[in-house]
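Notes follow once the structure below has been shown.
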Amino acid sequence: MSTVVVVGCQYGDEGKGKIVDYLAPNANMVVRFGGGNNAGHTVVVGKEEYKLHLIPSGILYKNIDCVLGNGVVINLLEMIQEINRLKERGISTDSLFISDRAHVILPTHIIRDNASEEKRKDKIGTTGRGIGPTYMDKIGRVGIRVGDLAQTTYSIGLMIGKNWDLTGIHYQSAEATALAADLKEYYDILKKHIINTSDYINLAIRSKKNILFEGAQGLLIDVDHGTYPYVTSSNPSAGGVCTGSGVGPSKIDHVVGVIKAYTTRVGEGPFPTELHGLQADDIRDRGNEFGTTTGRPRRCGWLDMVALRHAINVNGVDSLAITKLDILDGLTEIKICRAYEVNGRVSDVFPSAPGDLYQVRPIYETFPGWTENSSNVSKWSLLPQAAKDYIDHIRTVLKVPIKIIGNGAERDKIIGSGKEIWDETRK
Ligand code: IMP
């Protein structure tokens with residue numbers, strides 16, 4: 001058996017869905033451990049494109065259990081709609097399991113999310129899906145968990161009213177009752193999927209199954225390790241796997257860190273290697289860098305080694321997957337930030353204060369681009385020499401093996417040794 005974790009090492013949108021899709025055929029179970037429908041994974045299978053927000057991309061394969069762990073926050077109506085969209089396209093969701101400990105996103109969370117964004121001067125640029133307030137209520141011990149909805153509608157209404165009271169929300173009991181009725185209806189539809197997922201995952205581990213943990217978002221927007229306060233409200237880092245799925249750290253075998261061949265960020269916050277003007281527009285258009293969830297244009301820039309070293313450390317990355325290499329095809333030159341200049345000094349430390357991150361000046365190394373089409377090859381040896389040099393440089397500087405390279409949106413556009421990752425880690 002092996003357990004493999006896939007996490008993002010940038011600001012999210014690294015192409016984790018494609019890497020999970022690549023590793024999934026060797027897995028018996030795919031588990032999401034954090035975030036909610038703020039995430040968006042796009043997987044292209046033949047002519048079909050699937051956009052998933054909550055359900056792990058493993059659902060596209062038959063015979064793989066897909067689990068939403070306790071660390072995920074769930075908008076139940078969105079969940080039902082996502083299940084229905086998959087069913088309409090002939091994808092079975094019978095093997096989907098939802099933790100009874102996962103917290104529920106309520107309409108009030110969405111209102112609070114948007115109201116707080118509206119009020120803040122230093123906007124976060126949230127996805128507006130109610131993610132922050134749901135985690136706030138979870139930590140504040142006034143949240144509603146999926147399993148709580150097994151109670152009667154009357155008890156659920158009382159619980160919502162009591163929690164709203166504690167949160168300082170002025171409510172009418174009729175509103176709490178109406179919401180309770182909706183939640184109960186959603187619960188009844190989803191009931192067959194709801195279980196104690198920690199027990200289920202640990203049983204699978206004891207039964208020597210292969211488990212793939214699918215990260216959402218990225219390390220640089222982790223609430224503890226990212227560019228706080230311009231972060232999401234969960235731990236997309238590898239550490240989040242344990243708390244977000246109820247699996248002990250001794251059970252994790254391998255961590256794959258996913259990086260895009262350049263950098264993107266959606267929402268506000270510091271981004272030292274950000275490009276502006278025509279250069280940014282060019283990369284955005286080539287890479288179709290528009291958010292899967294909100295459709296917002298993504299900010300684009302060069303790779304940042306300072307940020308990546310930080311992400312690799314915190315995640316304990318064992319191997320890297322680089323995605324969207326083909327998007328760089330045809331650029332005359334490509335830059336990599338090797339260090340920051342801070343107050344006239346060279347630094348390789350990723351600062352914790354956003355004010356400091358806004359001040360750093362990236363120090364770049366420039367690499368020649370390539371004119372060939374890198375997406376037509378299926379072997380490392382056939383990649384353009386300049387592309388190999390670019391990747392080799394990343395590997396050397398970061399001191400982590402690069403085992404997977406994505407060179408196109410389609411499922412088969414990938415160079416690598418996914419099976420090797422499972423085999424090497426097999427206990
Ligand atoms: P929230 O997660 O909706 O609260 O948004 C907080 C920040 O995280 C915003 O800057 C979002 O744009 C960003 N964010 C949240 N989820 C994702 C994601 O899946 N990809 C990229 N950025 C994300």
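Just follow the structure's listing: the first ligand is 1, and inside any ligand the first atom is 1. For the numbers below, each heavy atom of this structure counts, side chains included, while hydrogens, waters and symmetry mates do not.
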Just to confirm my output: which protein heavy-atom neighbour is closest to atom 5 (O) of ligand 1, and how far is it?
Thr126 CA, 3.3 Å
For ligand 1, the portion of Val231 having any non-hydrogen atom under 4.0 Å away
backbone
Only heavy atoms count here, so choose which of Gly125, Gly267, Ala39, Gly130 is nearest to atom 11 (C) of ligand 1.
Gly125
Where on Arg296 is there a heavy atom closer than 4.0 Å to ligand 1, on the side chain, on the backbone, on both, or on neither?
side chain
Per the side chain to side chain contact (heavy atoms under 4.5 Å, CB included) rule, which among Ile334, Thr366, Ile336 passes with Trp302?
Ile334
Please determine whether the number of non-hydrogen atoms from other residues, nucleotides or ligands lying under 6.0 Å from atom CZ of Arg284 exceeds 12.
yes
Between Arg395 and Asp392, does any side-chain N to carboxylate O distance fall below 4.0 Å?
yes
Of the protein's non-hydrogen atoms, which lies at the shortest distance from atom 21 (C) of ligand 1, and what is that distance?
Asp13 OD2, 3.1 Å
Return the orientation label for the His310 and Phe350 ring planes: parallel under 30°, perpendicular over 60°, tilted otherwise.
parallel
For atom 3 (O) of ligand 1, what's the nearest protein heavy atom and its distance?
Thr127 OG1, 2.6 Å
Side chain to side chain contact (heavy atoms under 4.5 Å, CB included), paired with Arg298, selected from Thr264, Ile283, Thr263
Thr264
Which one of Thr232, Ile221, Asn38, Thr227 has a non-hydrogen atom at the shortest distance from atom 23 (C) of ligand 1?
Ile221
Atom 22 (N) of ligand 1: which protein heavy atom is closest, and how many Å away?
Val266 CG1, 3.3 Å
If the cut-off is 4.0 Å to any non-hydrogen atom of Ile124, which atoms of ligand 1 fall inside it?
6 (C), 9 (C), 10 (O)
Determine whether the side chain, the backbone, both or neither of Tyr11 has a heavy atom under 4.0 Å from any heavy atom of ligand 1.
backbone
Note the single closest protein heavy atom to atom 17 (C) of ligand 1, along with its residue, its atom name and the distance in Å.
Gln217 CG, 3.5 Å
